[in-house]
Each structure stands twice: as structure tokens, then as C-alpha cells.
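The first residue of the sequence shown is numbered 1, and numbering continues consecutively from there.
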Amino acid sequence: MKKIMLFIFGATMMCIVQHSALAAEPNVKVMQKEGVGSYLADGSGKTLYWFKKDSKNTSNCTGACLEKWPAFVTGRMLTVAQPLKTTDFGSIDRPDGKKQNTFRGYPLYYYVMDQQASDTKGHKLNEVWFVIDPGKFPPVAQ
């Protein structure tokens with residue numbers, strides 16, 4: 001009888017843990033903004049960017065660049081809001097040996113001048129930093 005009760009308790013706990021993981025706030029979601037359109041943001045609404053000088057699975061933002069454009073790193077299992085797919089996200093090893101999250105292979109960044117959720121001050125900066133419209137990414141080279 002004790003074994004059956006332990007089994008039931010264990011199965012119940014597994015269901016609770018699994019349900020909690022599914023109900024967790026997503027790490028990445030899609031936001032909308034007039035003049036910008038759709039773009040990726042972290043779970044708290046902070047805008048995520050991509051760097052035109054990066055290539056797939058390679059970050060070229062190092063040193064002083066990272067001070068202004070910190071790497072997006074979740075440090076835990078990545079969860080995404082609909083209509084995003086977890087299979088579009090991954091991570092790379094940066095040149096400094098740290099991990100960085102990616103979208104369709106391209107490294108993701110924050111911009112330090114974005115102080116509040118929904119700020120997009122880095123969009124089109126120097127024509128090399130851009131928000132990510134998941135419906136149009138990666139962009140076609142012109």
C-alpha cells in the first residue's frame with residue numbers, strides 16, 4: 001500500500017511540475033509598435049535586436065560593442081509565446097566562451113539605451129542594428 005501511495009504522490013508531483021513549466025511566462029514574445037511593426041522582445045517586453053555584421057551562428061559583437069549591446073542569454077530553458085516556435089531558437093558559444101541565445105541561428109542582443117519595455121531606440125541604428133520581425137527574418141540580402 002505504501003508503494004502505491006508513493007507512486008501516486010510522485011505522479012501527482014510530476015504533473016504539477018510539468019504544468020508549472022507550461023504555465024511559465026515566455027522568455028520571448030512578439031510585440032507590435034506603430035512605425036516599427038512586429039518585433040521580438042523578452043518576457044518583460046524589452047526589445048531584442050540582431051546585428052547586420054553577424055553571420056549565422058557567429059557573433060561579431062565583442063568588447064566595447066557588448067557594453068552597448070549586451071547579449072541575450074536566458075540561462076534556462078527558453079519558452080516562447082505563440083505564434084513563435086521553440087525550434088527557431090537556440091544558442092551559440094560566443095568568442096568569449098559565454099553562451100548567447102539565437103533566433104534562426106542569429107545572435108540576439110539588447111540595447112542599453114532601451115530603458116523601458118517597448119523601447120526600440122536601437123532600431124536602424126547606424127543601419128546595422130535592427131529589431132527582428134519574425135515573419136520576415138532572416139532578411140534577404142539586397
Quick one: does any side-chain atom of [X] pair with a main-chain N or O of [Y] as donor and acceptor, under 3.5 Å?
{"X": "Asp54", "Y": "Asn60", "value": "yes"}
{"X": "Asn101", "Y": "Thr74", "value": "yes"}
{"X": "Asp119", "Y": "Lys121", "value": "no"}
{"X": "Lys53", "Y": "Val128", "value": "no"}
{"X": "Lys29", "Y": "Ala41", "value": "no"}

Checklist line | NZ/Lys52: more than 12 non-hydrogen atoms of other groups inside 6.0 Å | finding: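 No, not enclosed.
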Note to self: For the NZ atom on Lys68, are there more than 12 heavy atoms of other groups (residues, nucleotides or ligands in this structure) within a distance under 6.0 Å?
What the structure shows: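 No, not enclosed.
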Note to self: If hydrophobic clusters are built from ILVMFWY residues whose side chains come within less than 4.5 Å, do Leu66 and Val73 share one?
What the structure shows: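 Different clusters: Leu66 never reaches Val73 through Ile, Leu, Val, Met, Phe, Trp or Tyr contacts under 4.5 Å.
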Check: Do Ser59 and Tyr109 come close enough that some side-chain heavy atom pair is under 4.5 Å?
Finding: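 Heavy-atom side-chain distance check passes, below 4.5 Å.
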Checklist line | Lys99 vs Ile92 side-chain heavy atoms within contact, under 4.5 Å | finding: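 Lys99 does not reach Ile92 side chain to side chain.
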Notebook entry, point to check: What pair of heavy atoms forms the shortest contact from Pro107 to Ser55, and how long is it?
Noted result: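 So the two residues come closest at CD-O, 4.1 Å.
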Item checked: Non-hydrogen atoms of Ala117 and Ser44 that approach each other most closely ->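 Of all heavy-atom pairs spanning Ala117 and Ser44, the closest is CB-O, 3.3 Å.
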Margin query: What verdict does the side-chain contact (heavy atoms from CB on, under 4.5 Å) test give for Tyr49 and Cys61, after you've listed the backbone C-alpha separation in whole Å, the side-chain angles of each residue and the deciding distance to 0.1 Å?
Written below: CA-CA 12 Å; Tyr49 295 90; Cys61 180; over 6 Å; no
Margin query: Apply the hydrophobic cluster definition, ILVMFWY joined by side-chain contacts under 4.5 Å directly or through others, and give me every member besides Val28.
Written below: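 For the cluster that includes Val28, the remaining residues are Val30, Leu40, Leu48, Trp50, Phe72, Leu78, Val80, Leu84, Phe89, Phe103, Tyr106, Leu108, Tyr110, Phe130, Ile132, Phe137.
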Check: Looking at residues at least two apart in the chain, or sitting in another chain, which of them share a ring-ring contact (aromatic ring centres under 6.0 Å, His included) with Tyr111?
Finding: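 Counting only residues at least two positions away or on another chain, Tyr111 forms a ring-ring contact (aromatic ring centres under 6.0 Å, His included) with Trp69.
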Notebook entry, point to check: Out of curiosity, Gln100 CD to Asn57 CG, how far, rounded to the nearest 0.5 Å?
Noted result: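 Between Gln100 CD and Asn57 CG, I get 11.0 Å after rounding to 0.5 Å.
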Item checked: Inter-residue atom distance Gln116.CD - Lys46.NZ, 0.5 Å rounding ->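 Reported value, rounded in 0.5 Å steps: 8.5 Å.
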Margin query: Does this structure show an ion pair linking Arg104 with Asp88, if we count only N-O contacts that are shorter than 4.0 Å?
Written below: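 Here Arg104 pairs with Asp88 in a salt bridge, since their nearest N and O are under 4.0 Å apart.
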Checklist line | Pairs touching residues 31-40 that satisfy side-chain hydrogen bond (donor to acceptor under 3.5 Å, both in side chains), sequence neighbours left out | finding: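 Residue pairs passing side-chain hydrogen bond (donor to acceptor under 3.5 Å, both in side chains), neighbours aside: Gln32-Ser38, Lys33-Thr120.
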Next item on the list: Could you walk me through whether Thr102 and Lys56 pass the side-chain contact (heavy atoms from CB on, under 4.5 Å) test, one step at a time?
Entry: CA-CA 9 Å; Thr102 61; Lys56 199 169 188 177; over 6 Å; no
